[in-house]
Structure formats: structure tokens, C-alpha cells
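Throughout, protein chains are lettered first and strands after them, A, B, ... in sequence-line order, and every chain is numbered starting at 1. Values below: every heavy atom of this structure, side chains too, minus hydrogens, waters and symmetry copies.
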Amino acid sequence: MKPIVLEIIRKALESLKEQWGLEGVPDIDVEIPKNEEMGDLATTAAMGLAKTLKRPPGKIAEEIVEAIKNPPIPPLSKGGEGGVDVFESIEIAGPGFINFKFSKDFFYSELGRLLKEGHSSLSADTGKGRRVQVEFVSANPTGPLHIGHGRGAAVGHALCNLLTAAGFEVRREFYINDAGVQVRLLGESVFARYLQLLGLDAPFPDDGYKGDYVESVAEEIIKRVGDEYLNKAFEDCGEFFTNVAYKNMLADIAKDLKDFGVVFDRWQSEKELYEKGKVQDSLITLRQKDLLYEKDEAQWFRSTTFGDDKDRVVVKRDGEYTYFASDIAYHKDKLDRGFDTIINIWGADHHGYIPRIRSVLEAFGLPKEKFRVILIQMVTLLRNGEPVQMSKRAGEFITLREVVDEVGADIAKFIFLTRRADSHLDFDLETAKEQSAENPVFYVQYAFARISSIFRQAEEKTVKSYELRVKSEEGETSLSALKEDEEISLIKKLLQYPMVFEGAAVSFEPHRITYYLQELAGMFHSYYNKHRVISDDAGLTNARLGLCRAVQLVLEEGLKVLGVSAPERM
RNA sequence: GCGCCCAUAGCUCAAUUGGAUAGAGCGCCGGACUACGAAUCCGUAGGUUGGGGGUUCGACUCCCUCUGGGCGCGCCA
């Protein structure tokens with residue numbers, strides 16, 4: 001419904017621009033009014049123009065409304081969508097809002113279109129094929145994924161779905177830190193456990209990885225090679241242990257994510273960036289741009305040029321690269337692969353790295369606004385309201401796998417998406433499992449399942465196919481049997497989905513979909529309790545089945561974006 | 001010490017990116033199944049948006065300041 005109104009307003013402005021002395025038509029937008037009584041859509045165009053025209057917004061609004069009505073702009077009158085009048089009224093309110101109220105016929109015609117076109121009518125092509133690269137999770141392959149990674153995975157996955165549906169070409173990537181001292185430390189930890197399992201009183205490295213999974217890897221190695229490395233020093237066999245250990249972890253991580261329903265297009269190895277010389281190359285490029293210099297026997301990236309607090313070391317005095325050096329290479333590589341927009345999803349504790357990475361991307365030619373970091377806040381895991389104690393030092397923490405095994409992937413994903421990414425989240429394992437109203441997942445899924453059940457009922461009662469009616473010539477008019485207030489409100493809500501969707505996509509905020517779905521499900525449940533869908537009145541039954549089908553369609557679409565299933569039975 | 005994020009109903013959170021009368025759920029209390037699934041619905045109550053100042057037609061939203069909480073600030077990764 002939004003595009004039609006926008007077109008009408010634009011045409012009105014087009015006809016007014018000369019007498020207003022404007023070069024072109026200003027950018028305008030419409031919004032959903034807070035209060036339903038104010039109308040179905042509203043524009044603040046007049047208020048926006050007040051400043052440039054130096055005239056009161058009320059007057060300007062009047063002129064715009066006049067231009068829309070006399071003579072009527074095409075879609076307004078016959079020959080528009082389905083040949084119906086679009087508006088019931090256009091009114092000016094407050095300081096200069098123009099409020100549009102649609103006619104019922106317009107709603108029926110739009111609902112008919114939704115039923116006819118299905119999912120494709122729910123998402124506009126705002127991306128137009130532009131390429132977006134989203135890097136998320138990127139957990140160190142030194143241990144299993146924890147709950148925080150799960151939240152990052154859920155948000156990243158939903159965001160990618162959102163952008164894909166919005167017409168962007170999305171690449172989902174996981175960056176593997178397989179080159180640093182952390183994986184080496186993992187290797188040492190496994191080696192120590194290996195020796196201990198074989199009866200040696202071997203020392204465990206300081207700050208080594210103490211989780212049970214380390215011992216599991218050691219056990220596996222014993223199964224494969226026995227005591228072959230018993231009398232060797234770590235310097236002689238470290239590469240073997242390190243490789244086996246992190247590859248093992250990585251396989252577990254990939255499996256956990258897959259079972260969580262999150263997949264990646266590319267797993268970028270840090271080690272590979274070194275081996276292919278991309279780290280060196282990227283630094284050479286920086287040097288050519290005079291953005292790399294030597295000081296105190298170290299090499300520095302001139303990130304202050306782009307607004308960072310201080311320049312950053314990329315090659316240390318001892319000749320070793322810093323972690324940042326391979327980050328530079330990876331981000332240059334992202335740009336070399338031709339992405340239009342770069343999105344990184346990080347834990348909120350990494351916010352201090354934003355300026356330096358932004359600097360890197362800018363140095364290689366990406367405009368600031370094309371880089372976006374989504375920060376994921378901490379998740380506090382609760383059980384019956386009490387925090388679940390975790391100690392990273394002792395290697396004791398609840399893994400994502402444990403959570404998914406306990407509550408299920410759908411529930412976990414949905415709960416991760418019930419908050420804005422950058423606000424804290426309490427995740428209570430017990431209430432998550434309860435099949436109560438406290439659990440928003442069931443609430444939304446139940447609406448979908450309930451509608452599925454209605455259709456099963458309808459078939460049993462041999463109600464004639466609603467689809468035939470809707471598609472036939474009189475089909476669209478058959479929807480006009482929907483006269484109840486709740487029905488009109490429900491249709492309106494359905495037609496708002498594309499706007500909510502677009503807002504979520506441009507602001508990278510999948511949680512908006514979550515909220516919308518809860519509202520829509522709520523409206524449906526309420527409607528269901530008040531009005532019977534299947535009755536003796538065939539025409540009414542068909543119209544209501546059509547409405548149900550549309551609700552189902554939108555619920556399914558929204559859930560798909562969130563990566564949550566839409567079950568026909570629960 | 002410097003920087004970033006957060007502070008909204010008793011609790012957990014929204015608020016169309018500067019719009020109109022700040023909204024949901026939970027919790028409390030009271031109701032609704034011999035009709036399509038009660039994992040549902042209906043009805044009330046709850047607010048100086050942490051405090052103060054500023055910007056303007058208009059502020060939960062932007063700027064300054066204070067209070068209180070989280071996180072960063074290495075030639076670590």
C-alpha cells in the first residue's frame with residue numbers, strides 16, 4: 001500500500017513544484033500513525049517543506065491535499081488498483097500531518113493481491129542486487145561455542161535472511177583465527193593432556209584451555225597414534241597437535257551451527273591469508289599509500305588519518321605480525337571481492353576495534369557509511385530466575401549445544417531475536433521450555449498451527465476452495481464480506497508487513513520482525529476467539545479463509561526470515 | 001584519566017531513526033471451552049522516559065552536564 005500512496009504524493013508535488021519554485025520533487029516518506037484513528041498512513045512532507053518554503057506547514061499541507069484531489073491523480077480514481085477508489089479520506093491534522101484513510105475496497109483489493117502474489121509481494125527489491133558481506137560468529141576454534149556466540153549466530157543469520165529477501169546478494173562468512181598464539185596454546189593444552197593420559201606428570205601450560213573437550217581431543221589422538229609422541233618435545237610435534245586440535249574444534253563448531261540452522265558461504269582461514277601472501281600484499285599497498293611507517297623498529301598503520309585515537313602497530317619490533325595485520329588483509333580481501341557493503345557482527349566487548357577497522361576499509365576505498373558493525377550484548381543465562389554460574393578460567397560454561405539440546409533451536413533463535421542486539425538479554429532456560437504465554441515463540445507458531453488446523457477442518461467440512469473464489473473475477477469482491485472491525489484491522493496489519501520488513505532491513509534490525517509477528521499473532525488470536533471462520537455462510541467462510549490464508553502467509557514469511565520453523569501442528 | 005554502550009510501568013523490553021495522546025508481554029485481581037486447537041481470549045490497574053539544562057513548530061530520540069551500571073583503552077589475541 002505504501003508505493004501507491006508515495007506515487008500519489010509525488011505526482012502532487014510534481015504538479016506543485018513550479019509554483020513553489022523548486023528544482024525537483026523533495027524526498028518524502030510515509031509512516032504508520034501511532035493511533036489508528038489518525039488514519040492508515042501519514043506523511044510529514046508538509047512539515048519538512050515548511051523550512052525551505054518558509055511558509056506554515058498547514059498551508060502547504062492544504063495545497064498538497066488540494067493537488068491530490070483536484071483533479072484526482074490516476075490511481076485515486078477508477079482504473080487504479082482493481083479499479084477502486086483508494087482513499088476514504090485525506091485529512092490534515094496537528095502541525096501539518098497529512099493523514100490518509102483507505103477505503104475498504106482498497107483494502108480488499110490489496111488483500112486480494114497479497115493472496116494472488118503470495119510471498120513475492122511481501123518484500124520490495126531495495127537491494128537491487130548490491131553485494132553485502134556479513135561476517136559473524138567468527139569464534140576462535142579453541143573451544144565450543146557458548147551462548148553469546150549463539151546470539152551472534154541468530155542475529156547474523158536473521159539479518160542475512162532479511163537482506164537476501166530485500167534483494168541484496170548476501171555472503172555469509174566465518175573468519176577462522178587459526179594462525180595465532182591461541183590455537184597454539186590449544187595445541188599445547190592438548191599435548192599436555194595427551195602426556196598426562198599416558199601417565200606422565202606433564203605440566204599444564206599457564207592460561208591453557210582446561211575444558212573437558214581438550215581431554216577428548218587428546219584421547220582421540222591416542223586412539224590414532226598411540227604413544228608415538230610420548231618422548232617428544234612440543235617444539236617437535238606442536239604443529240601436529242595444534243592442527244588436529246583446532247580442526248577438531250572447528251568441525252564441532254560447524255556442526256553446532258548447522259544443527260542450530262545457521263550456515264555459511266565461506267569459512268575464511270587466517271592462516272591462508274598468510275600462506276597466500278595476502279598479509280604482506282595488503283601492507284605493501286598501505287605503504288604505497290603512505291599509510292604505513294616505521295617507528296621504534298616497528299611498523300605502524302596510520303589509522304589516525306581516518307579518525308582513530310592512535311596509530312596501530314602491524315609489525316612488532318621482533319618482526320612478528322600483530323593480530324591486526326591479518327585483519328587488515330582480510331578486510332582488504334573483502335573489498336577486493338567487490339562488496340558494496342561490509343557488515344561485521346561482534347561481541348559488544350570488541351567495540352574498541354571499530355575505529356581501526358573502519359580506518360582500514362576507508363584506507364582501501366570504502367566510504368564510511370558502507371561499513372557497519374552490529375554489536376551483540378551479553379546474554380545472561382538463567383534457570384528459574386537464578387543466574388547459571390560459568391567460569392571461563394575453569395573451562396566451565398554452558399555451550400550453545402547444551403542450550404539447543406535442552407530448549408530446541410527454534411526457541412533459542414526466537415528468544416535471541418526478542419531484543420535489540422545491543423541490549424542485554426536474560427535467557428531463562430526453564431521459561432524457555434514452558435509452553436506458556438510467557439514464551440513468545442509458541443504464541444506465534446500457535447497462530448500458524450491454528451490456521452493450519454482451520455484449513456484441515458474446512459477440508460473435512462468440504463468447504464469450497466477459497467482460492468478459486470479469490471482468483472475468479474468476482475473473487476476479489478468476495479473478500480468484501482469481511483466487514484468486522486477486527487477484520488479490517490487485521491488486513492491493515494498484514495499490509496504493513498512490507499513496511500516493517502523494509503525498516504528492519506535498512507536499519508539492520510531483525511528484532512522488528514519478531515515484534516511485528518507477535519502483534520500479528522495477537523490480533524489473529526483475538527479475532528479467532530471472537531469470530532468463527534467456518535460457518536454456514538459460504539461466502540463469508542470463503543472470505544474469512546482468504547484472510548486466514550493471508551495471515552498464515554505473512555507469519556510464514558516472517559518466521560522464515562528469523563530462521564524459525566512454522567509448524568502446521570504443534 | 002579517556003572513549004563507547006545502556007538507564008522507559010513492580011519485572012523483562014518496544015517506540016516507524018526528530019513526529020501526534022510513550023506501547024506490549026509477564027506479574028496481581030476477576031471472567032470465557034457441549035462450536036474451527038484454552039500453547040488462546042476478554043476486563044481493569046500501572047509513567048515527571050535516571051536528575052538538570054539546551055537546540056525547534058515538535059525530543060524517549062540530537063547537544064551539554066550530573067548520577068548510577070556494563071565494556072573497552074598493549075609492539076596481547
Side-chain angles (χ1 to χ4, degrees), chain A residues 29-35 37-38 42 44 47-48 50-51 56-58 93-97 99 140 142 177 179-183 185 295-300 309-310 312-324 326-327 347-355 375 377-378 385 418-420 422-426 428 431 434-443 445-447 449-458 460-461 463 496 499-500 502-504 506-507 509 511-512 514-515 518-519 521-522 524-535 541 544-545 548 569-570:
Chain A
D29 204 2
V30 288
E31 57 191 39
I32 301 162
K34 254 180 206 154
N35 196 330
E37 291 148 30
M38 293 166 178
T44 57
M47 284 128 89
K51 208 165 277 176
F97 291 96
N99 293 333
N140 273 348
T142 53
N177 296 118
V181 303
Q182 292 306 320
V183 284
L185 187 59
K295 193 184 85 180
D296 302 335
E297 297 169 68
Q299 304 210 30
W300 301 68
D309 295 338
K310 48 176 116 173
R312 307 289 172 177
V313 170
V314 292
V315 182
K316 295 186 273 183
R317 190 182 295 180
D318 63 8
E320 292 285 310
Y321 291 104
T322 63
Y323 174 84
F324 183 47
S326 49
D327 258 353
D349 53 340
H350 288 79
H351 65 81
Y353 299 85
I354 297 174
L375 293 175
Q377 266 297 349
M378 293 255 281
T418 51
R419 302 274 179 277
R420 249 183 20 228
D422 63 352
S423 73
H424 284 269
L425 172 65
D426 286 335
D428 194 307
T431 51
E434 275 173 31
Q435 299 185 343
S436 70
E438 195 150 348
N439 196 327
V441 196
F442 292 124
Y443 189 76
Q445 287 184 325
Y446 183 52
R450 201 172 220 182
I451 295 171
S452 305
S453 170
I454 293 173
F455 281 110
R456 287 194 293 268
Q457 277 285 330
E460 274 175 35
K461 294 181 181 171
V463 173
Q496 285 170 1
M499 293 179 69
V500 174
E502 193 190 348
V506 301
S507 58
E509 290 180 347
H511 78 275
R512 295 192 191 192
T514 316
Y515 275 89
Q518 291 182 66
E519 286 163 13
F524 175 75
H525 285 311
S526 176
Y527 171 65
Y528 175 89
N529 274 276
K530 193 164 176 185
H531 303 287
R532 285 193 60 78
V533 174
I534 299 169
S535 66
T541 300
R544 288 185 170 170
L545 284 173
C548 286
R569 295 172 201 267
M570 297 172 66

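A distance of about 37 Å separates the C1' atoms of B/rG3 and B/rC26, rounded to the whole Å. Of the P atoms belonging to B/rG53 and B/rG19, the separation is 23 Å, rounded to the nearest Å. A distance of about 30 Å separates the P atoms of B/rA20 and B/rG27, rounded to the whole Å. Comparing the C1' positions of B/rG72 and B/rA59 gives an interatomic distance of 30 Å, to the nearest angstrom. Taking the C1' atoms as reference points, B/rC75 lies 41 Å from B/rU17, given to the whole Å. The separation of B/rG25 from B/rC42, taken at their P atoms, amounts to 8 Å, rounded to a whole angstrom. The same atom, P, is picked in B/rC4 and in B/rU40; the two are 44 Å apart, to the nearest Å. Remark: the separation of the P atoms in B/rA14 and B/rA7 is 8 Å, to the nearest Å.
Residue contacts for A/S423: at a heavy-atom cut-off of 4.0 Å it reaches the sugar-phosphate backbone alone, with no base atom in range. At the heavy-atom level, A/D296 lies under 4.0 Å from base atoms of the strands shown. If you check every strand for non-hydrogen atoms under 4.0 Å, A/H525 touches sugar and phosphate atoms only. Residue-level contact check: A/N35 touches the bases, meaning some heavy atom is under 4.0 Å from a base atom. Base engagement by A/V533 is indicated by at least one non-hydrogen atom pair under 4.0 Å involving a base atom. If you check every strand for non-hydrogen atoms under 4.0 Å, A/A50 touches nothing. Contact annotation for A/A447: no contact, since no heavy-atom pair falls under 4.0 Å across all strands. A/F324 comes within 4.0 angstrom of nothing in the nucleic acid, heavy atoms only. Across all strands shown, A/D327 has no heavy atoms under 4.0 Å from either base or sugar-phosphate atoms. Using a 4.0 Å heavy-atom cutoff across all strands shown, A/E509 reaches at least one base atom of the nucleic acid. Among the heavy atoms of the strands lying under 4.0 Å from A/F97 is at least one base atom, whether or not backbone atoms are also near. Residue contacts for A/M499: at a heavy-atom cut-off of 4.0 Å it reaches no nucleic acid atom on any strand shown. In this structure, A/G180 reaches the sugar-phosphate backbone alone: every heavy-atom distance under 4.0 Å involves primed, P, OP1 or OP2 atoms, never a base. Residue-level contact check: A/H350 touches neither bases nor backbone, having no heavy atom under 4.0 Å from any strand.
Counting only heavy atoms from C-beta on, A/R512 has its side chain closest to B/rU17 among B/rU17, B/rC75, B/rA77. Side-chain proximity of A/Y353 to B/rC76, B/rG37, B/rG74: nearest is B/rC76. For A/I454, the side-chain atoms get nearest to B/rC36 when compared with the rest of B/rC36, B/rC73, B/rC5.
Taking 3.5 Å as the limit, the base of B/rC41 and the side chain of A/Y443 contain no donor-acceptor pair of atoms between them. For B/rC71, its base sits under 3.5 Å from the side chain of A/H351 at one donor and acceptor pair at least. For a distance-only test at 3.5 Å, the side chain of A/R420 fails to qualify as a donor-acceptor partner of the base of B/rU12. Contact annotation: side chain of A/Y321 to base of B/rA77, donor-acceptor pair absent below 3.5 Å.
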| Audit row: A/Q182, A/N177, side chain to side chain contact (heavy atoms under 4.5 Å, CB included) steps and yes/no | CA-CA 8 Å; A/Q182 292 306 320; A/N177 296 118; over 6 Å; no

| request: Carefully, step by step, assess A/T142 and A/V183 under the rule side chain to side chain contact (heavy atoms under 4.5 Å, CB included). | output: CA-CA 6 Å; A/T142 53; A/V183 284; 4.2 Å; yes

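Regarding the sugar-base torsion, B/rU55 falls in the anti class, its angle being beyond 90° of 0. Taking the syn range as angles within 90° of 0, the glycosidic angle of B/rC63 is outside it, so the base is anti.
You'll find the side chain of A/F97 stays beyond 4.5 Å of the side chain of A/M38, heavy atoms only. Here the side chains of A/N439 and A/T431 are not in contact, with every heavy-atom distance at 4.5 Å or above. Using a 4.5 Å cut-off on side-chain heavy atoms (C-beta onward), A/R512 and A/S507 make contact. A heavy-atom distance below 4.5 Å is not found between the side chains of A/Y321 and A/S326.
The distance from atom CZ of A/F442 to atom P of B/rA38 is 17 Å, rounded to the nearest whole Å. If you measure from atom CE of A/M47 to atom P of B/rG58, you get 11 Å, rounded to the nearest angstrom. Atom-to-atom, OH of A/Y515 to P of B/rU16 comes out at 13 Å; the value is rounded to the nearest Å. When the C1' atom of B/rG74 is taken as reference, atom CG of A/D309 falls 14 Å away, rounded to whole Å. Computed from coordinates, the A/R312 CZ to B/rC73 P distance equals 9 Å when rounded to whole Å. At whole-Å resolution of the value, CG in A/D428 and C1' in B/rG25 are 15 Å apart. The separation between A/I354 atom CD1 and B/rC4 atom P is 11 Å, rounded to whole Å. Atom P of nucleotide B/rU17 and atom CD of A/E31 are separated by 6 Å, given to the nearest angstrom.
Taking 4.0 angstrom as the limit, A/R450 places a side-chain polar atom (N or O) nearer than this to OP1 or OP2 of B/rA38. Side-chain nitrogen and oxygen atoms of A/Y527 include none within less than 4.0 Å of the OP1 or OP2 phosphate oxygen of B/rU40. Distances shown here put every side-chain N or O of A/S507 at or beyond 4.0 Å from the OP1 or OP2 atom of B/rU16. Taking only side-chain nitrogens and oxygens, A/H511 never comes nearer than 4.0 Å to OP1 or OP2 of B/rU16. For A/K316 and B/rG74, the shortest distance from a side-chain N or O to OP1 or OP2 is not below 4.0 Å. In terms of phosphate contacts, A/T44 brings no side-chain nitrogen or oxygen within less than 4.0 Å of OP1 or OP2 of B/rG58. Distances shorter than 4.0 Å separate none of the side-chain N or O atoms of A/R456 from OP1 or OP2 on B/rG37.
Scanning for ring pair (Phe, Tyr, Trp, His ring centres under 6.0 Å) contacts around A/H525 gives A/Y443, A/Y446, with sequence neighbours left out.
Separation of atoms OG1 (A/T514) and CZ (A/R420) is listed at 13.5 Å; rounding is to 0.5 Å. How far CG of A/D422 is from NE2 of A/H424: 9.5 Å, rounded to the nearest 0.5 Å.
Positionally, the nearest nucleotide of RNA chain B for A/K51 lies more toward the 5' end than for the other of A/E297 and A/K51. Along RNA chain B, the nucleotide nearest to A/M38 and the one nearest to A/D318 differ in position, and the one closer to the 5' end is contacted by A/M38.
Counting non-hydrogen atoms of neighbouring residues, nucleotides and ligands closer than 6.0 angstrom, the NZ atom of A/K316 exceeds 12 such neighbours.
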| task | Quick one: the dot-bracket string of RNA chain B, using Watson-Crick and G-U wobble pairs with both distances under 3.5 Å, [ ] for crossing pairs and | for bases paired to another strand. | result | (((((.(..((((.....[...))))..((((.......))))......(((((..]....)))))).)))))....

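Between the side chains of A/R312 and A/T322, not a single donor N or O lies within less than 3.5 Å of an accepting N or O.
Relative ring orientation between A/Y515 and A/H511 is described as perpendicular, the plane-to-plane angle rising above 60° on a 0-90° scale split at 30° and 60°.
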